[in-house]
Every structure is written in C-alpha cells, then in structure tokens.
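These notes are about the structure you will find just below.
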Amino acid sequence: MKIAMIALVIVALAVLLFLFYISQKMLRQVQKQEAAEKAQQKPERQLHPKLREEQKKKQSGD
C-alpha cells in the first residue's frame with residue numbers, strides 16, 4: 001500500500017511538472033507573438049492637452 005501511495009505522489013508531481021512546462025511554453029509563445037504585433041504597429045502619439053490647445057490657437061489665428 002505504501003508503494004502505491006509513493007507511486008501516486010510521484011505520478012502527481014510528474015503531471016504537475018509537465019503542466020508547468022506546457023504553461024511556460026505557451027506563455028513564451030504568446031509573449032513573442034505580442035512583441036511581433038507591437039513591433040509592426042506604429043505607435044499612436046497623442047499631444048498633451050495644453051499643446052493641443054496651442055496648436056488649435058495657432059491654426060485659428062492663421
């Protein structure tokens with residue numbers, strides 16, 4: 001009976017390690033994919049609200 005319990009614990013640990021490995025592998029894949037998508041997109045830049053007001057004033061003043 002003790003041998004069966006020890007074997008069961010070993011199998012459970014092996015399954016946990018396997019699941020941890022798979023989750024890390026998937027996480028790395030998703031991180032690489034997100035990095036590639038981010039590199040392809042142009043960054044959208046926004047003006048500070050005060051600068052935006054100044055730009056509007058200059059355009060309306062011209």
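Side chains are part of it too, since the values below use all heavy atoms of this structure and drop only hydrogens, waters and symmetry mates. Position 1 is the first residue of the sequence; numbering continues from there.
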Inset, instruction - Evaluate whether atom CD of Glu37 has more than 12 neighbouring non-hydrogen atoms of other residues, nucleotides or ligands under 6.0 angstrom away. - result: yes

Residues passing the side-chain contact (heavy atoms from CB on, under 4.5 Å) test with Gln55, sequence neighbours excluded, are Leu47, Gln59

N/O donor-acceptor pairs under 3.5 Å from side chains in residues 5-32, not counting sequence neighbours:
| from | atom 1 | to | atom 2 | distance (Å) |
| --- | --- | --- | --- | --- |
| Ser23 | OG | Leu19 | O | 3.3 |
| Ser23 | OG | Phe20 | O | 2.8 |

